[in-house]
Each structure stands twice: as structure tokens, then as C-alpha cells.
Number of protein chains: 2
Amino acid sequence: MKHTIKFNPYDVEAIEMARFAKALGHPVRIEILRFLESQACCFTGEIVEVFPLAQSTISQHLKELKEAGLIQGEVNPPKVKYCIDQVNWHKAQKLFNEFFNQMSDVSRACST
Amino acid sequence: MKHTIKFNPYDVEAIEMARFAKALGHPVRIEILRFLESQACCFTGEIVEVFPLAQSTISQHLKELKEAGLIQGEVNPPKVKYCIDQVNWHKAQKLFNEFFNQMSDVSRACST
DNA sequence: TTATATCATCGTATTTTTACGATATTAAAA
DNA sequence: TTTTAATATCGTAAAAATACGATGATATAA
């Protein structure tokens, strides 16, 4: 054990934000969220039609978005209606906003 | 070839945003950026001291942040001074802002 | 009861990510 | 000239992500 300043593994907010960011880390998931927004809500099938990916692949992406908390699915067999999860959405929005704005406050002189 | 509406692979903005998001998709990279901000700029060694990861691992994370455009490194052997890349930072800030705010504009009624 | 339609999940292959120790690099210090 | 100090890169192993086809699950329609 070296006696340097160690972070208690990771900061809770950093973990939370990284989780959202990771979910946003693939173009198709960004576009799924956009599409979901433009339709307010929609079924899996509508999304599958729009993207050049297999149904199972889209379903997998939807699962990741759901697990990250960004969307929620209301199951209504045999259909599932997805929409943005408003609570977590705003949480993510706030995290990213604070993150980027906090950065902008500081003097950015990159001196020697 | 089914004649459904296909996206021309992916939207340029979606790709760009996903690239930023992916770079933000790991807690340690979030914290590195925060740390970098609190110091305005700093050397690799200062970052290595703070996190419980090997020097080579931190260097790898820095490389990813650099390749995503979020930071830049001014080499000054044997040291390298890193700071936030202001141009791309603001680009990312804008992308995320638009993304989240556009979403909030729309009516969110999740009707049947 | 037996399809059917709509999704999710499974199995699998390929690629990417994450992390480490070891080694290479390079200007300055001895 | 030979260290030394600070980083990057390489090699590698383990885990996770990505994509697909095939199969499973479930309420409704026939």
C-alpha cells in the first residue's frame, strides 16, 4: 500500500454519469432515443423497421437503454411500448449540464 | 432488400455525440476530466498518483480521451501536460445540451 | 385448441475494452 | 557518456460489447 491519495473506488456521481454516458456511447442508441422522442412513445417493431439491424440486435440495444434507466418499457403482449424515462432523463440532463458547465467556469489558462 | 425506411448508416451528429459519450463511459475518465479541470492542466504523474490504477492503464485512458478529442497533451519530455480541449469540449457541451433539451420540448404523454 | 404476431432471450462468433507488467523513448541530470 | 525520471507503447489475458439467427414466451385471433 503506497500512501498516496486514493479515491474511494469511484465517486457515486461519476459512476452514475458514466452509466448514462456508456448507454449513449453507440450511434444507434442515440438515434433510437431521438426516434423515441419524435414519436413520444413507440413499439419495438417501429424501431426495427427504421434501422438496418436485426430485431434481436435492436432488442439488445433497447435493453441496455432500459438498464441504464433512460427508457422504460410498458409490456402489453405481444407488444412492448417504449418511452423515455422522464425521471432518469432529467437526472442525466442535470449531471451532464453540471459536468460541462462546472468545467466552463474555471480559468483555462494552460501555462507552463 | 426490404423497402423500409433505412437510415443512411448513421447520422453524423449521432456518431459524433456517441464518440464523446463513449469516452465519458467510464468512471475513471469522468474523474480524470474533473481532476484536469480542478487543476486547469496537469501532468500524467499527478493523475496516476490519485487513482488506484497502474500508470499504463491511466495512460491508456488518457489516450482514449485524447482520441475522442476531449483533452489535448502538450509533450515536453519526459513530461506531458494535459488539458481540456476547449473547442471540442464546447462542441460536446452543445451536442449534449441540444440532445437533452430537444427531448424536453416534446409532449411526453405516454398514451395507449 | 391451435395458430399468429410481437418481442425477448439464448447460443455463438467476432471485436473491443480494460487492466497489468515489461519494455521503449527522450530530454535532462550526474 | 551513463543514469534517471516521466510517459507511451507493447504483449497479453480476461471481460464486455456487438451482431446475428434460432428459439422461447405470451396474449389474442382463428
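Letters A, B, ... are given to chains in the order of the sequence lines, protein chains preceding strands, and every chain is numbered from 1. From a predicted model like this one, the values you see are computed outputs, not experimental measurements.
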Rounded to the nearest 0.5 Å, how far apart are [atom1] of [X] and [atom2] of [Y]?
X        : Y       : atom1 : atom2 : value
B:Leu53  : B:Ile32 : CG    : CD1   : 8.0 Å
A:Ile58  : A:Glu49 : CD1   : CD    : 11.5 Å
A:Lys91  : A:Asp85 : NZ    : CG    : 8.5 Å
A:Phe100 : B:His90 : CZ    : NE2   : 10.5 Å

Distance in angstrom units between B:Gln55 CD and C:dT23 P, rounded:
15 Å
What's the CG-P distance between B:Leu53 and C:dG21, to the nearest Å?
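Atom CG in B:Leu53 sits about 11 Å away from atom P in C:dG21.
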I want to check one thing: is the phosphate of C:dA8, taken as OP1 and OP2, less than 4.0 Å away from some side-chain N or O of A:Tyr82?
yes
With sequence neighbours excluded, tell me which residues meet side-chain contact (heavy atoms from CB on, under 4.5 Å) with [X].
X       : result
B:Ala14 : A:Ile30, A:Glu31, A:Arg34, B:Asp11
B:Thr44 : B:Val48, B:Leu62, B:Val80, B:Tyr82
B:Ala21 : A:Leu24, B:Phe96
A:Ser56 : A:Ala54

Which pairs count as side-chain hydrogen bond (donor to acceptor under 3.5 Å, both in side chains) when at least one residue sits in residues 14-28 of chain B, sequence neighbours excluded?
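Sorted result for residues 14-28 of chain B: empty, none.
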In residues 16-26 of chain A, what residues come within less than 4.0 Å of DNA chain D, judged by heavy atoms?
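Of all residues in residues 16-26 of chain A, the ones placing a heavy atom under 4.0 Å from DNA chain D are A:Lys22, A:His26.
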So, with a heavy-atom separation below 4.0 Å from DNA chain C, the residues of residues 56-65 of chain B are B:Ser56, B:Thr57, B:Gln60, B:His61, B:Glu64
Can you confirm whether the side chains of B:Gln93 and A:Asn97 place a donor and an acceptor under 3.5 Å from each other?
no
Residues which pass salt bridge (charged side-chain N to carboxylate O under 4.0 Å, His left out) with B:Lys63, listed by chain and number, not counting sequence neighbours
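Not a single residue meets the salt bridge (charged side-chain N to carboxylate O under 4.0 Å, His left out) criterion with B:Lys63.
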Range on DNA chain D touched by chain B, heavy atoms, distance below 4.0 Å:
D:dA5 to D:dT9
Worked verdict on B:Cys83 versus B:Ile71 for side chain to side chain contact (heavy atoms under 4.5 Å, CB included)
CA-CA 6 Å; B:Cys83 22; B:Ile71 65 174; over 6 Å; no
Mark yes or no for whether B:Glu46, through its side chain, and B:Phe43, through its backbone, hold a donor-acceptor pair below 3.5 Å.
yes
Between the protein and nucleotides 27-30 of chain C, which nitrogen or oxygen pairs are less than 3.5 angstrom apart?
none

